[in-house]
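Step one of this worksheet: look at the structure below.
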Amino acid sequence: MSKIIAGIDFEAPSEVVARQLIGVTLLVNGVGGRIVETEAYDREEPASHCYIGETPRNFSMFGPPGRSYVYRSHGIHWCLNFVCRENGHGAGVLLRAIEPLVGLEQMRERRALADERLLCSGPGRLAQALGITRADNNLPLDGAPFTLLAGDQTVEVLTGPRIGISKAVELPWRFGLAGSRFLSKPFRQ
DNA sequence: CACTTGATGGTCT
DNA sequence: GACCATCAAGTGT
């Protein structure tokens, strides 16, 4: 049993998927770039939205792996996740930053005043630049509007604690492309 | 660079 | 009523 998209098995643990996604190209309606920062969230760990069980907000994390999970953050921003399924329980990967490569003009329009380095550097900024809304929730990642293209598997990946959470802060489940200037925050060595 | 604060509303107890 | 998987703009060092 497996669900493979762009060479990645979305039935693997979310921390494995999160690491493998670094370097993968993500396009939404043909606009996007290279994934440079992700975080893993798991059913058995209290920082995850699916820790408390299925609710109207998080139902897509309990559906098939290889789909999107989109939620509203702080009443203002949208955030995009990829759903995983490790050993039958839900999990997800939060997309935190991409290196903008395709459709720069459209991303600049959506992001108004942002300079290029801040176009997609942060989960809310990324979703805004890619035009993500609730309408993109619970959609398969191997069909429209999404395009995932396998990346270079030899890239150097940094790890560190996740950002902006208050529980399970010790888990090193944030991953980033070494040397990228598009990370939402530096990694401490 | 680090830290603080306001905006703003959905979600869950 | 408390708590956010955030951002931008502000002040301080």
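Computed from a prediction, not measured in an experiment: that's the story for all the values here. Letters go in sequence order (proteins before strands), and every chain restarts at 1.
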| query | A/N58 side chain to A/G53 main-chain N or O, any donor-acceptor pair under 3.5 Å? | reply | yes
| message | At under 4.0 Å between heavy atoms, how does the protein contact nucleotides 1-7 of chain C? Give one character per nucleotide, 5' to 3', with B, S or -. | response | ---SBBS
| query | Using a heavy-atom distance cut-off of less than 4.0 Å, which residues of residues 18-29 of chain A contact DNA chain B? | reply | none
| Tell me the salt bridge (charged side-chain N to carboxylate O under 4.0 Å, His left out) pairs involving residues 37-58 of chain A, sequence neighbours left out? | A/E37-A/R96, A/E37-A/R174, A/E39-A/R96, A/E45-A/R162
| Apart from A/V102 itself, what residues make up its hydrophobic cluster when side-chain heavy atoms of I, L, V, M, F, W and Y under 4.5 Å apart count as a link, directly or indirectly? | A/L27, A/L101
| note | Sorted by chain and number, sequence neighbours left out, salt bridge (Lys or Arg N to Asp or Glu O under 4.0 Å) with A/R117 holds for none
| query | Linking Ile, Leu, Val, Met, Phe, Trp and Tyr through side-chain heavy atoms less than 4.5 Å apart, which residues share a cluster with A/M61? | reply | A/Y41, A/F62, A/Y69, A/Y71, A/V83, A/L94, A/I165, A/V169
| Please, which pairs that meet side chain to side chain donor-acceptor pair (under 3.5 Å) have at least one residue in residues 145-157 of chain A, sequence neighbours excluded? | A/D152-A/T154
| On DNA chain B, which is the earliest and which the latest nucleotide, 5' to 3', with an atom closer than 4.0 Å to a heavy atom of chain A? | B/dA7 to B/dC12
| task | Verify the distance criterion only: is there a donor paired with an acceptor across the side chains of A/S60 and A/N137 at less than 3.5 Å? | result | yes
| Who else is in the cluster with A/L149 when I, L, V, M, F, W and Y are joined by side-chain contacts under 4.5 Å? | none
| said: If we count only N and O atoms by modelled type, under 3.5 Å, do the side chains of A/R111 and A/Q128 hold a donor and an acceptor together? | reply: yes
| request: Starting from A/I163, walk the hydrophobic network (Ile, Leu, Val, Met, Phe, Trp, Tyr; side-chain heavy atoms closer than 4.5 Å) and list everyone else you reach, by chain and number. | output: none
| task | May I ask you to decide if A/I76's main-chain N or O and A/R72's side chain share a donor-acceptor pair within less than 3.5 Å? | result | yes
| said: Tell me which pairs pass salt bridge (charged side-chain N to carboxylate O under 4.0 Å, His left out) where either residue lies in residues 97-106 of chain A, with sequence neighbours left out. | reply: A/R34-A/E99
| In which stems does DNA chain C show up, taking only runs of three or more Watson-Crick or G-U wobble pairs whose two distances fall under 3.5 Å? | B:1-7 with C:6-12, B:9-12 with C:1-4
